[in-house]
Amino acid sequence: MSIRPELLSLAATGIALAVAAGAAPASAQESVKIGLILPMTGGQASTGKQIDNAVKLYMQQKGDTVAGRKIEIILKDDGAVPDNTKRIAQELIVNDKVNFIAGFGVTPAALAAAPLATQGKIPQIVMAAGTSIITERSPYIVRTSFTLAQSSTIIGDWAAKNGIKKVATLTSDYAPGNDALNFFKQNFTAGGGEIVEEVKVPLANPDFAPFLQRMKDSKPDAMFVFVPAGQGGTFMKQFAERGLDKTGIKVIGPGDVMDDDLLNNMGDAALGAVTAHLYSAAHPSAMNKAFVAAYKKAFNNRPGFMAVGGYDGIHLIYEALKKTGGKTDGDALIAAMKGMKWESPRGPISIDPETRDIIQNIYIRKVEKVDGELFNVEFATFEAVKDSGKTKK
């Protein structure tokens, strides 16, 4: 009989805990939690650092309160390993009760988190990864970075129209590399160009040197190169060591290989490289000049395109919260983001209401020396480019 009061006591304790748990969300309403999942270590660390820096800079400039709600960033390092991303995203959603997950340095990481965003009805803001399919993997994904199709089709057209007949391609062997290759090839060959050599390199810790010899032997007019942000410096170092910079072979591609935060360390081998991309630190707008100056002052480095993806990603979150009056219902936030337009350091951008992907200008740029520093100097603009990976479906 003595067991009965203990059971009653346990039941009472359980009810008290349940009441406490029920009360918790009321106090948690005071802050909006953003789980920022980035590669802060490993081969993609420069991507993570740029995005983290840009988010910090934006919050320094705009404050850490939106629509009466305090913004709390929870930064987690996934090392660009998808298994880590999935585990971290789950912990952030279940344990930390985040209202957004954001970041995602590479495509496999973004894809790993997508089902969790869907299950939790949590907006997933992709600030880096660039494969077309990403936004199709969850109705809760919105992208503020780019797609490889946007830049690779444009550089393919440009090459075919500017005297480049034969191209050897070197691309990282994963989804964005395949996107870059396929979209470039489609447009370059349609314009009469020929692919004379095609090489895919491992994503993790690649050694480009053995592949570069094959490129050299194929005697192309140009090399089309896609490597993810952070690997361009290694590529250009080995390009110069193998003497390809003395052969007259041009480097062309999407702009990832000439990332601004690494460009100055590449040396003169990078001079003359022509790439199509969404952003250059040399973009001549007043907003960008102010952005570059503030970023350099805060972090003693030049921002690259990954920084802009992060800066615009946190801006999108702030503006969506303003629209919902601080409410964090996932469906309402996604609805608020669709069709949103604003001026970015990269130029005018918007979120496609149908695909939740970014629409932006793509610039053709050439590496030149300006005041003793290397810059991607823009010389042509293609306005309001959508992701052709989706528009042609």
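This is a predicted model, so every value here is computed, not measured. All values below come from the heavy atoms of this structure, side chains included, with hydrogens, waters and symmetry mates left out.
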* Please round to the nearest 0.5 Å and tell me the distance separating atom CZ of Phe226 and atom CD1 of Ile252. => 15.0 Å
* **Same cluster (ILVMFWY, side-chain, under 4.5 Å), Val55 and Met340** => yes
* Side chains of Ile314 and Ile34: closer than 4.5 Å at any heavy-atom pair? -> yes
* Could you check Glu194 against Lys165 for side-chain contact (heavy atoms from CB on, under 4.5 Å), going step by step and ending with a plain yes or no? => CA-CA 6 Å; Glu194 180 190 354; Lys165 305 294 184 192; over 6 Å; no
* Under 3.5 Å donor-acceptor, Arg365 side chain and Tyr279 backbone -> yes
* Close side-chain approach of Ile155 and Val274, heavy atoms under 4.5 Å -> yes
* **Considering all heavy atoms, the nearest Ala149-Ser388 contact** => CB-OG, 3.6 Å
* Asked: Does any non-hydrogen side-chain atom of Pro348 lie less than 4.5 Å from one of Glu343?
  -> yes
* For Glu319, which residues count as a side chain to side chain donor-acceptor pair (under 3.5 Å) partner, sequence neighbours excluded? -> Lys322
* Asked: Roughly how far, to the nearest 0.5 Å, is CZ of Phe305 from CG of Asp261?
  -> 8.5 Å
* Compare every heavy atom of Ser31 with every heavy atom of Glu72, then report the nearest pair and how far apart it is. => OE1-OG, 3.6 Å
* Asked: Has the side chain of Lys33 got a donor or acceptor atom that lies under 3.5 Å from a matching backbone atom of Asp96?
  -> yes
* To do: State the CZ-CD distance between Arg302 and Gln50, to the nearest 0.5 angstrom.
  => 11.0 Å
* **Fellow cluster residues of Val367, listed by chain then number, with links counted only when side-chain atoms sit under 4.5 Å apart** => Leu170, Val199, Val201, Phe208, Phe211, Leu212, Met215, Met223, Val225, Val227, Phe235, Met236, Phe239, Leu244, Ile249, Val251, Val257, Met258, Leu262, Leu263, Met266, Leu271, Leu374
* Asked: Which distance, rounded to the nearest 0.5 Å, do you find between the CG of Asp312 and the OG1 of Thr144?
  -> 6.0 Å
* What are the two closest heavy atoms between Gln44 and Pro228, and how far apart are they? -> NE2-CG, 3.4 Å
* Keeping the roles fixed (side chain from Arg143, backbone from Ala129), state whether a donor-acceptor pair exists under 3.5 Å. => yes
In a table with atom names and distances, give each donor-acceptor pair under 3.5 Å that connects a side chain of residues 175-184 to protein atoms at least two apart or in another chain.
{"residue": "Asn178", "atom": "OD1", "partner": "Lys200", "partner atom": "NZ", "Å": "3.0"}
{"residue": "Asp179", "atom": "OD2", "partner": "Ser132", "partner atom": "N", "Å": "3.0"}
{"residue": "Asn182", "atom": "ND2", "partner": "Asn178", "partner atom": "O", "Å": "3.1"}

* Taking Lys323 for the side chain and Ala336 for the main chain, is one N or O donor matched with an acceptor at less than 3.5 Å? -> yes
* To do: Evaluate the side-chain contact (heavy atoms from CB on, under 4.5 Å) criterion for residues Thr328 and Arg69: first the C-alpha distance (whole Å), next the side-chain angles of each, then the deciding distance (0.1 Å), finally the verdict.
  => CA-CA 10 Å; Thr328 53; Arg69 305 284 299 275; 3.9 Å; yes
* State whether the number of non-hydrogen atoms from other residues, nucleotides or ligands found under 6.0 Å of Lys166 atom NZ is greater than 12. => no
* **More than 12 heavy atoms of other groups within 6.0 Å of Glu354 CD** => no
* Asked: Stepwise, does the side-chain contact (heavy atoms from CB on, under 4.5 Å) test hold for Ile358 with Gln150?
  -> CA-CA 10 Å; Ile358 191 161; Gln150 288 175 319; 4.2 Å; yes
Determine all donor-acceptor pairs shorter than 3.5 Å in which one atom belongs to a side chain in residues 114-124; sequence neighbours excluded.
{"residue": "Thr118", "atom": "OG1", "partner": "Ala114", "partner atom": "O", "Å": "3.2"}
{"residue": "Thr118", "atom": "OG1", "partner": "Ser138", "partner atom": "OG", "Å": "2.7"}
{"residue": "Gln124", "atom": "NE2", "partner": "Ala110", "partner atom": "O", "Å": "3.0"}

* **Exam field: side chain Ser285 to backbone Asn288, donor-acceptor pair closer than 3.5 Å** => yes
* To do: May I ask you to decide if Ala282's main-chain N or O and Ser280's side chain share a donor-acceptor pair within less than 3.5 Å?
  => yes
* Is there side-chain contact between Asp217 and Arg214, with heavy atoms separated by less than 4.5 Å? -> no
* Minimum heavy-atom distance between Met287 and Ser344, given as atom pair plus value -> SD-C, 3.3 Å
* Steps toward side-chain contact (heavy atoms from CB on, under 4.5 Å) verdict (Lys62, His315) -> CA-CA 9 Å; Lys62 308 291 182 182; His315 176 82; 5.5 Å; no
* Asked: Can you check whether Ile349's main-chain N or O pairs, donor with acceptor, with Gln360's side chain at less than 3.5 Å?
  -> no
* To do: Determine the minimum heavy-atom distance between Lys341 and Ser350, stating which atoms define it.
  => CG-CB, 3.5 Å
* Find the distance between NE2 (His283) and CG (Asp260) and round it off to the nearest 0.5 Å. => 12.0 Å
* State, yes or no, whether a side-chain contact exists between Leu111 and Pro82 at a heavy-atom distance under 4.5 Å. => no
* Structure fact -> d(Thr41 OG1, Asp77 CG) to nearest 0.5 Å is 3.5 Å
* Asked: Name the one of Leu316, Ile359, Thr135 that satisfies side-chain contact (heavy atoms from CB on, under 4.5 Å) with Ile351?
  -> Leu316
* Asked: Does CG in Asn300 sit with more than 12 non-hydrogen atoms of other residues, nucleotides or ligands closer than 6.0 Å?
  -> no
* Asked: Have Gln231 and Asp256 got a donor and an acceptor in their side chains that come within less than 3.5 Å?
  -> no
* Would you say Leu36 and Tyr318 are hydrophobically clustered, going by side-chain heavy atoms of ILVMFWY under 4.5 Å? -> yes
* Are any side-chain N or O atoms of Thr131 and backbone N or O atoms of Ile133, one a donor and one an acceptor, separated by less than 3.5 Å? -> no
* To do: State plainly whether one hydrophobic cluster holds both Val385 and Phe379, where clusters connect Ile, Leu, Val, Met, Phe, Trp and Tyr through side-chain heavy atoms under 4.5 angstrom apart.
  => yes
* Asked: Would you find a donor on one side and an acceptor on the other, under 3.5 Å apart, between the side chain of Asp221 and the backbone of Ile164?
  -> no
* Joint cluster assignment, Val292 & Ile51, ILVMFWY side-chain distance < 4.5 Å -> yes
* **Residues Lys185, Glu198; criterion salt bridge (Lys or Arg N to Asp or Glu O under 4.0 Å); working and verdict** => CA-CA 10 Å; Lys185 241 164 69 169; Glu198 200 173 295; 3.0 Å; yes
* To do: Mind checking side chain to side chain donor-acceptor pair (under 3.5 Å) for Asn361 and listing every partner two or more places apart, or none if nothing turns up?
  => Tyr363
* Set of salt bridge (charged side-chain N to carboxylate O under 4.0 Å, His left out) partners for Lys56, sequence neighbours left out -> Asp52
* Asked: Side chains of Lys386 and Thr355: do they bring a donor and an acceptor to under 3.5 Å?
  -> no
* Asked: Do Val308 and Phe375 sit in the same hydrophobic cluster, where Ile, Leu, Val, Met, Phe, Trp and Tyr count as joined when their side-chain heavy atoms come under 4.5 Å apart?
  -> no
* State, with a plain yes or no, whether a side-chain heavy atom of Phe146 is found less than 4.5 Å away from one of Ile362. => no
* To do: Output yes when a side-chain donor or acceptor of Thr324 lies under 3.5 Å from a complementary backbone atom of Leu321, and no otherwise.
  => yes
* Any side-chain heavy-atom pair from Ile364 and Phe382 closer than 4.5 angstrom? -> yes
* Asked: Do Asp268 and Lys369 have side-chain heavy atoms sitting under 4.5 Å apart?
  -> yes
* Provide the closest heavy-atom pair for Ile141 versus Ile134 in the form atom of the first, atom of the second, distance. => CD1-O, 3.4 Å
